[in-house]
Amino acid sequence: MSETLVTFAGVVAGYGGGDVLKGVDFEVRPGGVTCIVGPNGSGKSTLLKTVSGLVRPRLGEIHFKGENLVGLSPRDILKKGIVQVPQNHSLFREMTVEQNVELGAFLERDRRVVAQRLATIREMFPIVAERAHDKAGSLSGGQQRLVEFARCLMLEPELVILDEPSMGLDPKTLKVMFGTIRMMRDAGRTILLVEQNARQALKMAERGVVLENGKVRLTGSGMEVLHNPEIGALYLGGSLEEARRPRP
Amino acid sequence: MNATALLSAAKDGILTGAVYALMASGLTLIFGVMDIINLAQGTFVVLAAYLSYALQVHWHIDLFVGLLITTPAMFIIGVVIERVFIARLKGPDRTGMSILVTYAVWLLIEGTLDLVFSSNDVQLQGWYVPKSFTIGAIHFGYIYVAGFLLAALLLGALYFMLYRTRFGVSVRASLADQTSAALVGIDVKRVSTITFGLGAAVTAAGGMIYGATNAFNASSSYDLISRLLTIIVLGGMGSLGGALLAGIVMVFIGDMVGVIWSPIWSTTAYFVVLVLVLLWRPQGLFGKVQARVA
């Protein structure tokens, strides 16, 4: 197996009002969870969007198993086995839970394959069977998030990108959600995770990446990043430079 | 007011309203999927009417048979316009810019039609156009009944396409949230192009019925677009069922006021109803209050 699954090389990207990512370099190894943490506005979500094709980098390259993803459409990137669950709830509220999950396999034209995968997903996520015919919009935020997870697995992806999946969830649902992420990891998926709930996410992650002001400032194992004294400075609103500055 | 006048207004509302709903269905689909306000929809109707006129005058092709040519022709025209003008609109100002761009397309088509066909009024002819039959005391024009049946058939086909086909799933997903649709592998650009083509294609039948029931010229699009826009605002932007109901309500109210009071107030009455409905439901009758995820 290749040493790296995804390689970011000098990625510069933004939305027209200036660059949000200012030269991002790091690697995602296959298997396990890679957790990206950093203060608000550091470019975490933008970075994920560059992988799924929602944002096109202005400079740099993103390689997935050696192939450059830059310039490919979200559809073509999906075909390569990369799925993203975005930050905002992305279920189609007027469609049923089952229709939403089936849409996860939109690119798969063989109905038998879709039916088989749906049966597997129903076992993994009981809510998909229990609420199959309910409109997705009638589910709670946590339930919607689980159905989004279920949907993203319908294509049997290699890389799952999760953008702040815990946003707006209560502590009980949060526990279920982190359990589901572990389940996806144990099933052999590589998870690229952006999470505000950094402490819990880093505990679970094999690898941690700290992003600040559009650049990678720190990488290491999840526990190394978690116990790095400078991390606190970031989450208290400061910067690594401030944390490193000698105190008078 | 007598019962016959009331029934007659109801008949007009249903028969003619369905045709307006068909014309507006393209507008509402285009807005729903693409966030594009297509001001050129009215001129598409007039263009389609002129295409039927040209086929009839130059090749003696029956109006209904001619739809086999004008419908795909309008689809292709729609696709070309989307590719050349609309697909280039990007960013948060896209909807606002679309008003300007589609207005330019409108003027371009209107000017061309004026140049080719002159500004004199014309009307589509067919043996069935002046004929009617009577049930009780109510007269039913053949062309109005045919228009209603055609509109019902095409709206039914659109509904079938939306709710029973793979492409329909793509359209509904794009209607709900373009980013989420893209993330499940839907080619939103392709869906947008085809939707714009379909929006133009439905004006072929609408334009033919319009041209057979009204004298028209290149400038007739001004009256049409104001009607079509009010239909989709009343029905709810993006709602096919809303367009149907609003089309019927628009013609019914206009006729009722014409019968009870005076035809002068027909249009005003409709707009009063529009304002009252919007005060009660700003999103229209079937519109949804939902922030779109960018």
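Just so you know, these numbers come straight off a predicted model, no measurement behind them.
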## Note on the structure
All heavy atoms of A181(B) vs all of F92(A), minimum pair found to be N-CZ, 3.7 Å
### Query
Is atom CZ of F26(A) surrounded by more than 12 heavy atoms (other residues, nucleotides or ligands) closer than 6.0 Å?
yes
### Query
If every non-hydrogen atom of V169(B) is compared with every non-hydrogen atom of L103(A), which pair is closest and at what distance?
CG1-CD2, 3.5 Å
### Worked check of side-chain contact (heavy atoms from CB on, under 4.5 Å) between S52(A) and L183(B)
CA-CA 8 Å; S52(A) 58; L183(B) 286 175; 4.1 Å; yes
#### Entry: Contacting moiety of M154(A), where chain B heavy atoms sit under 4.5 Å
neither
### Query
So with a 6.0 Å cut-off around OH of Y159(B), is the heavy-atom count from everything else above 12?
no
### Task
Give a yes or no on this: more than 12 heavy atoms of other residues, nucleotides or ligands lie within 6.0 Å of atom CE of M124(A).
yes
### Message
Is L54(A) in contact with chain B via its backbone, its side chain, both, or neither, using a 4.5 Å heavy-atom distance?
### Response
side chain
### Query
What is the distance from atom OG1 of T179(B) to atom NZ of K49(A), rounded to the nearest 0.5 Å?
7.5 Å
### Summary
Between V184(B) and F106(A) the two heavy atoms that sit nearest each other are O-CB, 3.5 Å
### Message
Does R122(A) have more than 12 heavy atoms from other residues, nucleotides or ligands lying within 6.0 Å of its CZ?
### Response
yes
#### Entry: R93(A) side, atom CZ; S180(B) side, atom OG - distance, nearest 0.5 Å
11.5 Å
### Query
What is the minimum heavy-atom distance between P74(A) and A182(B), and which atoms define it?
CB-O, 3.7 Å
#### Entry: chain A interface, residue from K189(B), R172(B), R166(B) that has the most non-hydrogen pairs under 4.5 Å
R166(B)
